[in-house]
There are 2 protein chains.
Amino acid sequence: MPKRVDHEERRSQIAEALVRVAGRRGLHAVGMRDVAAEAGVSLRLVQYYFGTKEKLLLHGLQHLTDRFTARVGARLRAGDAGTGPRATAEALLLTSLPTDEESRTFHLLYTSYAILSVTDEALAAQPFIDNPDAAEDALTGLLRQAQEAGLADPGVDARTEAIGLLAMAAGLGTSILVGQRRPESAAEVLRHHLDRVFTPVTP
Amino acid sequence: MPKRVDHEERRSQIAEALVRVAGRRGLHAVGMRDVAAEAGVSLRLVQYYFGTKEKLLLHGLQHLTDRFTARVGARLRAGDAGTGPRATAEALLLTSLPTDEESRTFHLLYTSYAILSVTDEALAAQPFIDNPDAAEDALTGLLRQAQEAGLADPGVDARTEAIGLLAMAAGLGTSILVGQRRPESAAEVLRHHLDRVFTPVTP
DNA sequence: AGCATAGTGGTACGGTCGTATTACGAAGGA
DNA sequence: TCCTTCGTAATACGACCGTACCACTATGCT
């Protein structure tokens with residue numbers, strides 16, 4: 001046999017090429033030849049490791065979400081999240097905004113996949129439903145935590161508030177993506193709404 | 001010459017066919033032949049009235065936004081909007097949610113166009129930027145109106161609040177679209193947030 | 001040493017897509 | 001009346017896409 005190669009690494013390499021070229025030209029415009037060229041391999045190689053385009057797209061989605069949840073987790077663990085629930089919630093929401101190239105690509109492709117899944121049942125059966133649920137649970141927990149510590153308005157339902165904030169962040173993210181709003185402006189809107197929720201009780 | 005036909009009406013008829021088939025199978029999957037078949041005309045006719053596919057898509061987007069703003073306007077004027085700023089704001093936000101087939105199609109295609117416009121400069125130069133601005137202005141006006149009447153928290157910035165609410169509605173709409181949230185649940189979240197804003201001052 | 005086989009490359013094949021070409025009927029103005 | 005021009009139709013063309021097929025290389029095992 002030829003040099004035994006790490007299949008999983010090669011697949012990741014090709015999947016990242018898919019993400020790059022799709023982030024540049026749009027998911028609808030990416031073909032297998034583009035992915036092959038971007039990864040620096042032959043078309044046959046892409047076929048060899050993924051077989052069909054659908055499987056390539058599915059793996060690309062998986063790769064995308066994995067990388068981004070890792071990034072969000074890292075930013076939450078390290079740095080600016082040590083100063084209480086408010087800071088953690090703010091970091092959680094602001095990190096999901098498309099500010100730099102990587103998060104911009106993530107937003108663009110994640111939304112593309114989501115829209116595609118509406119009319120493509122093979123994509124609809126994919127895993128990326130549990131991810132928002134995890135964020136929802138985390139944010140709800142942070143809000144409850146703040147309420148119990150007297151740092152947030154106890155009169156609001158934590159889960160409802162969390163759902164709304166996440167939806168707002170997603171909507172603002174799309175606005176940034178299409179160039180309708182600047183990242184700083186969106187962050188400001190988000191912080192304003194967080195200010196209204198995280199209001200220390202003054203009895 | 002043959003029977004003089006109303007060009008604008010034919011174009012609308014074809015554009016509506018585009019919207020229907022794109023709403024069913026996704027914007028990425030629609031071809032000129034599909035549009036022709038859906039409209040009950042020949043492929044040549046579609047070419048005759050639109051020339052190129054890009055122009056067809058552009059006109060389809062225009063047609064879509066026109067129809068929907070008309071729908072929202074109608075729902076605001078008639079019916080449940082006569083009872084003050086809160087009811088009007090609620091109607092404005094809830095109407096934009098994908099609850100029935102028409103609004104579902106609108107959301108799907110509008111988001112598809114938006115995502116496409118990120119990587120397609122011909123679509124990025126299109127009009128659909130002023131539409132959200134109009135909604136933003138309207139909602140901001142409603143909030144200011146409520147604040148001056150003592151029906152809303154005077155401590156919030158009306159425009160920031162309006163931006164956040166619209167982004168939230170958009171995000172919730174996408175959640176509904178991908179089947180992650182039920183329409184009633186999303187409406188409940190929106191109403192909850194409206195309750196927090198429209199709080200009568202009790203001096 | 002030699003062979004079976006994982007890895008890689010080049011290329012051909014249907015199919016479909018957007019667009020262009022050609023043709024023809026039908027109506028209204030001269 | 002006729003002829004110009006608008007509307008409609010059928011079909012052809014070239015490009016590209018995903019997939020399949022065939023060929024070759026180089027390695028690890030026996």
Side-chain angles (χ1 to χ4, degrees), chain A residues 1-22 24-61 109 112-113 116 119-123, chain B residues 1-22 24-61 109 112-113 116-117 119-123 126:
Chain A
M1 319 164 183
K3 52 174 177 183
R4 308 297 287 265
V5 116
D6 188 340
H7 271 224
E8 220 47 49
E9 188 185 323
R10 266 255 194 279
R11 287 166 66 93
S12 290
Q13 169 192 347
I14 296 177
E16 271 183 40
L18 163 67
V19 168
R20 276 198 304 274
V21 64
R24 216 182 306 132
R25 297 209 286 264
L27 189 60
H28 67 283
V30 52
M32 308 211 66
R33 287 166 178 84
D34 304 301
V35 175
E38 176 78 21
V41 299
S42 75
L43 168 63
R44 180 67 183 89
L45 257 277
V46 181
Q47 289 187 250
Y48 182 75
Y49 284 105
F50 289 99
T52 174
K53 186 187 185 183
E54 184 180 51
K55 290 178 187 166
L56 172 62
L57 289 181
L58 257 33
H59 191 89
L61 172 58
L109 297 189
S112 299
Y113 277 118
L116 240 44
T119 48
D120 187 306
E121 59 179 37
L123 227 42
Chain B
M1 318 165 183
K3 52 174 178 183
R4 308 296 288 263
V5 114
D6 188 340
H7 271 223
E8 221 46 50
E9 187 185 323
R10 267 254 194 278
R11 287 166 65 91
S12 291
Q13 170 193 345
I14 296 178
E16 271 183 39
L18 163 67
V19 168
R20 276 198 304 273
V21 64
R24 216 181 308 130
R25 296 208 288 263
L27 189 60
H28 67 284
V30 52
M32 310 210 66
R33 287 165 178 84
D34 303 302
V35 176
E38 176 78 20
V41 300
S42 76
L43 168 62
R44 180 68 183 91
L45 257 278
V46 182
Q47 290 186 248
Y48 182 76
Y49 284 105
F50 290 97
T52 174
K53 187 187 183 182
E54 185 178 53
K55 291 178 187 167
L56 171 62
L57 290 181
L58 258 32
H59 192 88
L61 171 58
L109 298 189
S112 299
Y113 278 117
L116 240 45
S117 79
T119 49
D120 187 306
E121 59 179 39
L123 226 43
Q126 268 304 102

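All values below were derived from every heavy atom in this structure, side-chain atoms included, with hydrogens, water molecules and symmetry-related copies excluded. Reminder, nothing fancy here: chain letters follow the sequence lines and each chain counts from 1.
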> Can you name the side-chain hydrogen bond (donor to acceptor under 3.5 Å, both in side chains) partners of Asp120(A), sequence neighbours left out?
Replying inline: none
>> List the residues meeting ring-ring contact (aromatic ring centres under 6.0 Å, His included) with His59(A), not counting sequence neighbours, and say none if there are none.
In response: Phe50(A)
Filtered N/O pairs between nucleotides 10-12 of chain D and protein, under 3.5 Å:
none

> Touch check for Tyr49(B), heavy atoms < 4.0 angstrom, all strands: base, sugar-phosphate only, or nothing?
Replying inline: sugar-phosphate
>> Within the 4.5 Å heavy-atom criterion, are Val46(A) and Leu18(A) side-chain neighbours or not?
In response: no
> Which whole-number value in Å describes the distance from Met32(A) CE to dA12(C) P?
Replying inline: 20 Å
>> Applying salt bridge (charged side-chain N to carboxylate O under 4.0 Å, His left out) as the test, list every pair that has at least one member in residues 38-49 of chain A; sequence neighbours left out.
In response: Arg20(A)-Glu38(A), Arg24(A)-Glu38(A)
>> Taking 4.0 Å as the cut-off, does a side-chain nitrogen or oxygen of Thr52(A) come that near to OP1 or OP2 on dG18(D)?
In response: no
> Atom CG of Leu45(A) and atom P of dA6(C): how far apart are they, to the nearest Å?
Replying inline: 15 Å
> Hey, does the side chain of His7(B) come within less than 4.0 Å of dC6(D)'s phosphate (OP1/OP2), counting only N and O?
Replying inline: no
> How close or far is atom P of dC17(C) from atom CG of Leu57(B), stated in whole angstroms?
Replying inline: 14 Å
> Does Tyr48(B) have a side-chain nitrogen or oxygen under 4.0 Å from the phosphate oxygens OP1 or OP2 of dT8(D)?
Replying inline: no
> Whole-Å distance between dC17(D) P and Asp34(A) CG?
Replying inline: 6 Å
> Please give, in whole Å, the distance from dA20(D) C1' to Phe50(A) CZ?
Replying inline: 19 Å
>> So, using side-chain hydrogen bond (donor to acceptor under 3.5 Å, both in side chains) as the criterion, who are the partners of Glu54(B) when residues are at least two apart?
In response: none
> Can you list every salt bridge (charged side-chain N to carboxylate O under 4.0 Å, His left out) pair that touches residues 25-34 of chain A, not counting sequence neighbours?
Replying inline: Arg25(A)-Asp34(A)
>> Taking the minimum atom-to-atom distance to the side chain of Lys53(A), which one of dC17(C), dT19(D), dT8(C) wins?
In response: dT19(D)
